[in-house]
Amino acid sequence: MSDAKYDKKIVDGLVNKIKDDPENIENYRELTNIYIVNNEFDSALSIYNKMLEIFPNDVQALINSGSIYFYKKNFQKVIELYLKAAVNDPSNPSIYFNLGNVYAEIGNFSNALKYYTKSIELDKNQAQVYSALGILFQDNDNLDEAEEYYKKAIELDSGCGEYYVYLANIFQRKGDFAEAAKFYEKALELNPNDSKASLCLANAYASMKMEKEAFKYFERTVKIEPENYSAWLCWAITLSDAGMTDKAMGLYKKAIEADPAKPNAYILLANILTNEKRYEEAIELYKKAVKLVPREENRGKGILYVFIANAYMLLENIHDAINYYRKALREVPENNEVRLIYVEIMNAYITRKVAK
């Protein structure tokens, strides 16, 4: 219970009251509320478990403990608790909404749809359930259905900026960037400090080749959230695409500063350096990126090894080029193009050695 913001005497007093009078449910509620407010979920769960031993059908305890198990990713236990809550309170739409969320989280589309639909049947005015349905269909690539659910959510709660972002994302995926921009702008009207909406709007303008507007919202995004890696990266890409290479390089460096553990900024900056014939600097960045690519991503590492090998070739360092083409083949042995380059270079290298 480190950094607790509550009075320990009050907690100890409630613990003693529960021992002395285990049938008084209000003491359990008060104690769990204190723990939850202070993010001490394990302590809260311990009390909920004791509470449910005495009051096994208490709906609020079933729901709240289920929410903690959801946080802990014990989804089977969550389902068990929520289903029991539904048996005891079958007309409670929030229980079915919660069940839908669990099944959506574990990728069970049919059950998620079933329980979201049940929740709507009990209360047709739940904007958050329509939004959840939109996410469910969007995740399953049914964009038209998702669009209709997001529009319904907005109809019920026009003041929630998040719903406009979700709807705009649908138009972005459909390639209708102008319509996407309209809804991102609405989200920003509702919440001027929404860095996600600002970045998405910048990207929508970039997709329409409206660089001036895109730059405006990239700048706005990093003012809201200076350490936003994606904002610096996307801004740099847009600058690079517009031919503003020097500025792009500066922003790739900003992205690296924002999150030095992500490889993409290193790679894209190295690509520019390669184009500028600054091969040694590029190689150094590619090597840093290799260390950041997850071990299981063989293809990604293979591509980086090819980039490094190509840079060594341009430096006329055949020995190191061969070494990295060989490493690339270990990662992606099925890549015939790399294999062909490797064989040709090896043959030329051997021929040269023999000639000497």
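One-based numbering along the sequence shown.
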Just by modelled atom types, is the M210 backbone N or O under 3.5 Å from a matching donor or acceptor in the E213 side chain?
no
Which word best sums up how the rings of W235 and W232 line up, parallel for under 30°, tilted for 30 to 60°, or perpendicular for over 60°?
parallel
More than 12 heavy atoms from other groups under 6.0 Å of CD on E316
no
Check the surroundings of atom NZ in K174: do more than 12 heavy atoms from other residues, nucleotides or ligands lie under 6.0 Å from it?
yes
Check the pair R330, R326 against side chain to side chain contact (heavy atoms under 4.5 Å, CB included), reporting the backbone distance first and the verdict last.
CA-CA 6 Å; R330 287 190 195 128; R326 187 182 295 120; 3.7 Å; yes
Audit row: L314, K277, side chain to side chain contact (heavy atoms under 4.5 Å, CB included) steps and yes/no
CA-CA 8 Å; L314 292 166; K277 301 182 180 181; over 6 Å; no
Y96 side chain to K114 backbone, donor-acceptor under 3.5 Å:
no
Measure the acute angle between the ring planes of Y286 and F307, then classify it against the limits of 30° and 60° as parallel, tilted or perpendicular.
tilted
Measure the CG-CD distance between L156 and Q128 for me, rounded to the nearest 0.5 Å.
9.5 Å
Between the side chains of E155 and K151, is the shortest nitrogen-to-carboxylate-oxygen separation below 4.0 Å, so that they form an ion pair?
no
With a 4.5 Å limit on heavy-atom distance, are the side chains of R29 and E26 in contact?
yes
Would a distance-only check, ignoring hydrogens and angles, find a side-chain to backbone donor-acceptor pair under 3.5 Å from N191 to A187?
no
Non-hydrogen atoms of F218 and L199 that approach each other most closely
CE2-CD1, 3.6 Å
Please answer whether the main-chain N or O of Y163 pairs with a side-chain N or O of S131 as donor and acceptor at a distance below 3.5 Å.
no
Please evaluate residues N271 and L268 with respect to the criterion side chain to side chain contact (heavy atoms under 4.5 Å, CB included), reporting the C-alpha separation (whole Å), side-chain torsions for both, the decisive distance (0.1 Å), and the verdict.
CA-CA 5 Å; N271 289 346; L268 294 171; 4.1 Å; yes
How about CZ on R299, more than 12 heavy atoms from neighbouring residues, nucleotides or ligands closer than 6.0 Å, or not?
no
Quick one: do E80 and K77 make a salt bridge, cutoff under 4.0 Å?
yes
Verify the cluster assignment for Y252 and L239: are they in a single hydrophobic cluster under the rule of side-chain heavy atoms below 4.5 Å apart?
no
Say you draw a straight line from CG of L167 to NZ of K186; how long is it, rounded to the nearest 0.5 Å?
12.5 Å
Are side-chain N/O atoms of E162 and Y166 paired as donor and acceptor at under 3.5 Å?
yes
Distance check, rounded to the nearest 0.5 Å: L62 atom CG versus F55 atom CZ?
12.5 Å
Under 4.5 Å between any side-chain heavy atoms of I283 and L315, yes or no?
yes
Using a 3.5 Å distance criterion without hydrogens, assess whether the side chain of S207 forms a donor-acceptor pair with backbone atoms of N203.
yes
Just wondering, are more than 12 heavy atoms of other shown residues or ligands nearer than 6.0 Å to CD in E296?
yes
Hey, are the side chains of Y71 and N39 touching, using non-hydrogen atoms and a 4.5 Å cut-off?
no
In the structure I gave you, are the side-chain heavy atoms of L273 and L285 within less than 4.5 Å of one another anywhere?
yes
So, the side chain of S198 versus the backbone of D194: is there a donor-acceptor pair under 3.5 Å, distance only?
no
What pair of heavy atoms forms the shortest contact from P260 to L292, and how long is it?
O-CD1, 3.4 Å
So does E276 have more than 12 non-hydrogen atoms from other groups sitting under 6.0 Å from CD?
yes
Could you give me the CA-CA distance, side-chain angles and deciding distance for Y150 and I135, then say whether side chain to side chain contact (heavy atoms under 4.5 Å, CB included) is met?
CA-CA 8 Å; Y150 289 141; I135 294 169; 3.3 Å; yes
Do Y35 and V11 have side-chain heavy atoms sitting under 4.5 Å apart?
yes
Would you call the rings of F137 and Y149 parallel, tilted or perpendicular, taking 30° and 60° as the class edges?
parallel
Cation over ring face, K288 and Y266, 6.0 Å, 45°
no
Would you say the side-chain atoms of T32 pair up with the backbone N or O of A44, donor to acceptor, closer than 3.5 Å?
no
Crowded around K301 NZ? As in, over 12 foreign heavy atoms under 6.0 Å?
yes
For the residue pair I308 and V290, establish whether any side-chain heavy-atom pair is separated by less than 4.5 Å.
yes
May I ask whether Y305 and I322 are part of the same hydrophobic cluster, defined by side-chain heavy atoms of I, L, V, M, F, W, Y residues being less than 4.5 angstrom apart, directly or through others?
no
Test side-chain hydrogen bond (donor to acceptor under 3.5 Å, both in side chains) applied to Y164 - qualifying residues, sequence neighbours left out
none
Near F109 CZ, under 6.0 Å, is it more than 12 heavy atoms from other residues, nucleotides or ligands?
yes
Transitively linked via ILVMFWY side-chain contacts under 4.5 Å: L83 with I95?
yes
Under 3.5 Å, side chain of N16 to main-chain N/O of D12, donor-acceptor pair present?
yes
Would L136 and L122 show up in the same hydrophobic cluster when neighbours are defined by side-chain heavy atoms closer than 4.5 Å?
no
Within a strict 4.5 Å, meaning less than it, do heavy atoms of the E147 and L143 side chains meet?
no
Y324 vs Y312 aromatic rings, parallel, tilted or perpendicular, using cut-offs 30° and 60°?
parallel
When the ring planes of F171 and F183 are compared, do they come out parallel, tilted or perpendicular, using 30° and 60° as the limits?
parallel
Using the benzene-type ring in the case of Trp, are the ring centres of F75 and F70 under 6.0 Å apart?
yes
Do I34 and L14 touch side chain to side chain, with heavy atoms closer than 4.5 Å?
yes
Is there a path of hydrophobic side-chain contacts, each under 4.5 Å between heavy atoms of I/L/V/M/F/W/Y residues, joining V15 to I25?
yes
Specify the closest pair of heavy atoms between L45 and S65, including all atoms of both residues, with the distance to one decimal.
CD1-CB, 3.9 Å
Would you say the side-chain atoms of R220 pair up with the backbone N or O of P192, donor to acceptor, closer than 3.5 Å?
yes
Please check if the side chain of T221 supplies one atom and the backbone of Y217 the other of a donor-acceptor pair under 3.5 Å.
yes
Before accepting this row, confirm whether a basic side-chain N of the pair K287/E284 lies closer than 4.0 Å to the acidic partner's carboxylate O.
no
Would E219 and K223 count as a salt bridge (Lys or Arg N to Asp or Glu O under 4.0 Å) here? Give the steps.
CA-CA 6 Å; E219 185 174 4; K223 283 182 178 177; 3.8 Å; yes
